[in-house]
Amino acid sequence: MSLNAYITEDEIEGSEDGPLAGKTVAVKDNISTAGVRTTCGSKMLEEYVPPYDATVVERLKEAGATIPGKTNMDEFGMGTTTETSYFGATKNPVDEDYVPGGSSGGSAAAVAAGDADLALGTDTGGSIRCPAAFCGVVGIKPTYGLVSRYGLVAYANSLEQIGPIAPTVEDAAALLDVVAGPDENDGTTREEGADTDFANAADGDVDGLTIGVPTELVEGAEDAVVETFDATIDDLREQGATIEEVSLPSAEYAVAAYYVIAMSEASSNLARFDGVRYGNSGGYEGNWNESFSDARSEGFGDEVKRRILLGTYALSAGYHDKYYKQAQEARAWVKQDFDEAFEDVDVLASPTMPILPPELGESLDDPLKMYLADANTTPVNLANLPAISVPAGEADGLPIGLQLVGPAFGEETIINAAAAVEN
Ligand code: GLN
């Protein structure tokens, strides 16, 4: 496929009827599918075929969906452009010279191009919302605990959730209805939200709703993004919403805290890829240290290696207090800022991404610049809150997304407000 949205095209049939009968749902390649390889976009897992389905895949099948294949992604979810994939970059279907965003770039590109009706992505620090924004589709990062992570290959467990990507708010909500709800195989799932009819919430009635705009999440964005954002906010005001400026003073520390925590968790999670328990086994020779190091040197790409090294450093004796502990303190502060904001407003609105999609090939040399592009999405993961990205307009022919954040298990409120943006 010319967009390179799929790593593996292999049809998985669901049951004959159910709410998703007749629909195709593409699945990100870090979500386990029994009998179909699950690579995480890595050479390390090029030939790994899971023996079981993730809970979300089981639920898709029961709901009658057909899975057309496994979608391309940044290696182990580490990236914002889908360019760190071992299987090559995915192109943005809106303009093929640009990245689709990441790390769930294949899922968003497949939906935007009509190669799948719907898709599942995962979001650790923005990986559903960023590609949804860059490809002009809708993406929901659910409250931590709403959707089971059983069968998701972990990058940073305390931050990530599986969630839907779809052409419309209502379609995304309907897919959330299918995958949400407690799972005995994932002890972090909760009862809350299990019986909610999310699709029914997408009615776009914002009359009487109070929308907070955190100044810190607008200031740093490119002019074209701010213009589109302001116009959309004006429109919501005309539809009856009350708009209030709010402040999230901790926001400036979110990216730093996020990357310390995400890399620390990754360094521990990715230790299992040693060529023996998991991962490419090249028949390495020599002692354990040598074969471990050969398997990992050959199996992982540069960005993954960078993060394992930095994460291991942040957790090491002597540096733990300076980095990991401080990051956890910043995380608590971010949570508290959101709690205070939600005492006054129902939802928070900001640009999803402060930038327009970069051109293909532009980002890999400057990882720090791409980390900073996660300024508006990472605070939400640190606070374990729900958020949606909905198309709000375009500049230079490139899509711009608006992010709505809600209190924990406030999915209905953000789905409703996003439908108003869509109208
Ligand atoms: N861009 C962020 C990162 O590289 C988010 C990735 C994600 O959500 N998986 O970590």
Side-chain angles (χ1 to χ4, degrees), residues 27-31 39-42 71-85 89-90 99-108 119-134 139-142 144 147 149 152-165 254-270 300-311 314 327 331 352-355 357-358 363-364 366-389 401 403 405:
V27 173
K28 189 177 182 180
D29 211 20
N30 57 352
I31 299 173
T39 69
C40 295
S42 182
T71 57
N72 203 2
M73 55 182 284
D74 282 297
E75 188 176 1
F76 287 101
M78 298 177 185
T80 312
T81 62
T82 312
E83 292 171 292
T84 73
S85 171
T90 297
V99 303
S103 65
S104 313
S107 288
L120 288 180
T122 64
D123 192 311
T124 313
S127 282
I128 289 175
R129 291 160 286 159
C130 162
F134 284 180
I140 302 176
K141 179 259 174 225
Y144 191 81
V147 178
R149 286 176 298 111
L152 165 65
V153 182
Y155 157 21
N157 324 44
S158 80
L159 298 161
E160 60 208 1
Q161 277 286 292
I162 297 170
I165 296 177
V255 167
Y258 165 80
Y259 275 96
V260 170
I261 294 168
M263 290 181 190
S264 300
E265 291 188 23
S267 80
S268 155
N269 278 321
L270 271 57
F300 290 139
D302 289 345
E303 183 61 27
V304 173
K305 286 178 189 161
R306 177 179 8 254
R307 295 191 186 199
I308 292 173
L309 288 170
L310 290 170
R331 182 176 192 171
T352 306
M353 299 299 290
I355 57 171
S363 315
L364 286 180
D366 195 348
L368 196 57
K369 189 171 153 206
M370 287 322 291
Y371 297 171
L372 290 170
D374 297 335
N376 292 358
T377 49
T378 50
V380 177
N381 301 74
L382 289 170
N384 297 137
L385 300 175
I388 186 167
S389 179
Q403 169 175 259
V405 185

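Whatever order the structure lists them in is the order used to number ligands and atoms, beginning at 1.
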Donor + acceptor pair across side chains of N376, T352 (<3.5 Å): no
Distance-only side-chain donor-acceptor flag, S127 / K141, under 3.5 Å: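 K141 and S127 do not have a side-chain donor-acceptor pair below 3.5 Å.
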Intermediate values then yes/no, side-chain contact (heavy atoms from CB on, under 4.5 Å), Q403 and T377: CA-CA 8 Å; Q403 169 175 259; T377 49; 3.9 Å; yes
Sorted by chain and number, the residues that approach ligand 1 to under 4.0 Å with a heavy atom: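 G77, M78, G79, T80, S103, D123, T124, G125, G126, S127, Y155, Y258, Y259, R307, D374.
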Side-chain donor or acceptor of T82 paired with backbone N/O of G101 under 3.5 Å: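 Checked: pair present.
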Intermediate values then yes/no, side-chain contact (heavy atoms from CB on, under 4.5 Å), Q161 and D123: CA-CA 6 Å; Q161 277 286 292; D123 192 311; 5.6 Å; no
Ring-ring centroid check F76 Y155, cutoff 6.0 Å: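 Ring-ring flag for F76/Y155: false, centres at least 6.0 Å apart.
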